[in-house]
Amino acid sequence: MKSSAAKHMSLLVLALALSLSCLGSSALAANETDPSSAALPPASGTMSQEEQLAQLSSVFASLVQQGSDVVMGRKAKVGQACTAEYPPSSFPATEDGLVEMVENYTRCFSDKLGFPIATGYRGPLAEEEAIFTTHKPASNWTGISEGQLVPSGSVMKSFLGVAAFNVLNSTEGAVTWDTPMYPFVNRVLSRDFNTSLDELFDDKRIKDEASFTPIEYIDNMIQTWGNKLSCDPGTCYYYSSNGFAFAGMMLVDILGLDSWKDLDILELAFQSNPGLKSEFNNTVASTPNKLCSEYGQLPDGSNRVVNQWSENGTNLYDYDCLDGWAFGNLMIDAPDTASWFWHLYGLRDILGTEDVDLMLTPTNTSSTYGLASEINAMQGQGKLNNRYSWAGHQGTDWGSSNSGAGLFMPNAKDNGKERAFALSLTQNDLSIHGQDDFAQTTSLTRASTVYLANAIIQLLEKNFEDS
């Protein structure tokens with residue numbers, strides 16, 4: 001019965017994400033590699049089927065690797081060029097040197113990629129306040145102003161994950177990560193949308209609701225996965241925007257809120273350390289039915305929310321700014337993004353250490369994801385210094401992106417606290433009229449982030465040695 005399938009879904013849908021940004025390299029590799037250039041193993045009547053499959057597997061694995069190398073090389077061109085133009089050794093290992101480095105690399109990336117970029121850094125030499133710099137390549141670009149809000153996209157999944165930890169901890173064990181979500185979600189569906197999971201499984205129709213409401217994502221998930229959603233708690237993992245909508249509905253019910261619209265994820269994210277919230281002046285929760293234009297303007301006359309564009313070139317500034325309930329309705333700037341991950345994974349003063357360790361522990365089905373966290377995903381964008389690893393969450397939106405948001409940290413545990421740092425590059429390429437492939441430009445920005453991180457690592461290690 002479909003109802004029994006639904007009953008087994010648990011909050012662990014928060015756990016693993018199917019991320020197109022991670023799968024993209026392999027997909028592009030397959031398209032860019034000519035299969036005819038590889039010599040397939042000769043057919044042999046003496047080979048067993050297992051041996052033939054093993055040979056075929058090795059050949060195709062080589063093809064994928066070759067293609068991946070081609071893509072990686074293409075993405076590396078901007079980072080390599082900027083590193084050659086501004087060698088890390090040319091900057092003094094001081095705070096001024098770090099600021100100069102970040103400014104030069106940001107300008108170089110922006111000019112070579114051809115769209116505005118803003119960078120935020122938080123860590124050694126900038127522990128009290130994040131470094132911010134921005135650049136646009138030409139006067140006809142809008143640019144990204146200081147304090148301007150950028151819809152966070154999937155970066156916000158880390159905020160929801162922290163909120164979930166705080167809410168579950170407050171239940172004192174009554175609700176855990178393995179608690180089936182069926183009754184919680186059904187109560188919200190029944191009250192807010194006059195339906196149930198059983199009915200959604202039965203009719204499989206996208207409801208005519210406002211964009212980005214929970215019902216839209218749940219319908220989408222059912223249509224995409226159907227009965228594959230059936231599993232015992234703790235035995236299956238599916239990490240997606242749809243899953244975060246389920247988790248958000250669970251929080252709505254646990255907290256006894258009147259409506260899904262009342263879920264304040266930003267407030268919940270700082271529940272364990274409420275005093276820290278005042279530091280994040282440029283982190284704002286967008287609310288349903290409020291247009292981006294209604295958030296006003298900055299003192300320099302620029303819009304408070306960065307202009308957003310749909311794939312067909314429609315200006316979305318006068319559209320609802322909600323942008324993905326429960327996993328993307330925070331708007332944030334680059335410095336606040338860097339500060340968030342610096343506090344969460346570096347200083348660990350947002351959640352307890354055990355909870356942070358759980359977020360950074362790979363699930364049993366992926367080495368790329370933990371709970372509401374991406375782990376080592378940036379290594380797929382560029383060749384990160386092999387003494388360092390990365391954790392955080394990348395995010396993409398229509399015409400902007402929090403591209404390399406996360407904490408770069410030494411693999412060695414000794415003295416790691418002194419050299420770990422958080423970095424976020426935000427782009428605004430306004431890829432309208434079909435002129436640019438936004439997924440591609442986002443990938444190039446993320447690869448550039450890795451090269452800036454490598455340069456910063458060299459400067460910080462030199463500073464650490466000098467001190």
Donor-acceptor contact present, side-chain [X] to main-chain [Y], <3.5 Å:
{"X": "Gln458", "Y": "Ser89", "value": "no"}
{"X": "Asn329", "Y": "Trp325", "value": "no"}
{"X": "Ser152", "Y": "Leu330", "value": "yes"}
{"X": "Asp349", "Y": "Asn273", "value": "no"}
{"X": "Ser424", "Y": "Thr337", "value": "no"}
{"X": "Asp333", "Y": "Asp336", "value": "yes"}
{"X": "Ser110", "Y": "Thr106", "value": "no"}
{"X": "Asn463", "Y": "Thr94", "value": "no"}
{"X": "His393", "Y": "Ser154", "value": "yes"}
{"X": "Asn376", "Y": "Gln379", "value": "no"}

Residue pair [X] / [Y], side-chain donor-acceptor N/O under 3.5 Å:
{"X": "Ser373", "Y": "Tyr345", "value": "yes"}
{"X": "Thr287", "Y": "Lys290", "value": "no"}
{"X": "Asp355", "Y": "Asn169", "value": "yes"}
{"X": "Thr445", "Y": "Gln427", "value": "yes"}
{"X": "Ser302", "Y": "Asp300", "value": "yes"}

Measure up the Phe91 and Tyr105 rings against each other and bin them: parallel (under 30°), tilted (30 to 60°), perpendicular (over 60°).
tilted

Looking only at heavy atoms, which two atoms of [X] and [Y] are closest? And how far apart?
{"X": "Val78", "Y": "Ser448", "value": "CG1-OG, 3.8 Å"}
{"X": "Gly370", "Y": "Ile375", "value": "N-CD1, 3.5 Å"}
{"X": "Pro151", "Y": "Val306", "value": "CD-CG1, 4.0 Å"}
{"X": "Asn166", "Y": "Ser272", "value": "OD1-OG, 2.6 Å"}
{"X": "Asp318", "Y": "Ser293", "value": "OD1-OG, 2.8 Å"}
{"X": "Gly392", "Y": "Phe341", "value": "CA-CE2, 3.6 Å"}

Please assess Met331 against Thr283 for the test side chain to side chain contact (heavy atoms under 4.5 Å, CB included), listing each intermediate value before the final yes or no.
CA-CA 6 Å; Met331 298 183 291; Thr283 304; over 6 Å; no

Verify the ring-centre separation between Phe270 and Phe280: is it less than 6.0 angstrom?
yes

State yes or no: are the ring centers of Phe421 and Phe408 separated by less than 6.0 Å?
yes

State plainly whether the residues [X] and [Y] are in salt-bridge range, i.e. N to O under 4.0 Å.
{"X": "Arg348", "Y": "Asp357", "answer": "yes"}
{"X": "Arg387", "Y": "Glu461", "answer": "yes"}
{"X": "Asp111", "Y": "Arg107", "answer": "no"}

Got a sec, which pairs hit disulfide (SG to SG under 2.5 Å) with one end in residues 85-118, sequence neighbours left out?
Cys82-Cys108

Answer whether the closest heavy-atom distance between the side chains of [X] and [Y] falls below 4.5 Å.
{"X": "Val155", "Y": "Trp340", "answer": "no"}
{"X": "Leu371", "Y": "Trp177", "answer": "yes"}
{"X": "Phe165", "Y": "Met359", "answer": "yes"}
{"X": "Gln80", "Y": "Lys383", "answer": "no"}

Ring of Phe464, cation from Arg419 - is the NZ or CZ under 6.0 Å from the centre and inside 45° of the axis?
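Yes; both conditions hold, so Arg419 lies above the ring face of Phe464.
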
Of the options Thr426, Thr134, Leu452, which is the one that meets Thr119 in a side-chain contact (heavy atoms from CB on, under 4.5 Å)?
Leu452

Residues in side chain to side chain contact (heavy atoms under 4.5 Å, CB included) contact with Asp192, at least two apart in sequence or another chain
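By the side chain to side chain contact (heavy atoms under 4.5 Å, CB included) rule, Asp192 matches Val188, Ser259, Trp260.
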
Dump the intermediate steps for salt bridge (Lys or Arg N to Asp or Glu O under 4.0 Å) on Glu279 and Arg122, then the final yes or no.
CA-CA 13 Å; Glu279 182 180 314; Arg122 187 75 182 271; 2.7 Å; yes

Audit row: Met378, Gln394, side chain to side chain contact (heavy atoms under 4.5 Å, CB included) steps and yes/no:
CA-CA 9 Å; Met378 287 299 289; Gln394 300 168 108; 3.3 Å; yes

If you count the non-hydrogen atoms of other residues, nucleotides and ligands that lie under 6.0 Å from OH in Tyr295, is the total more than 12?
yes

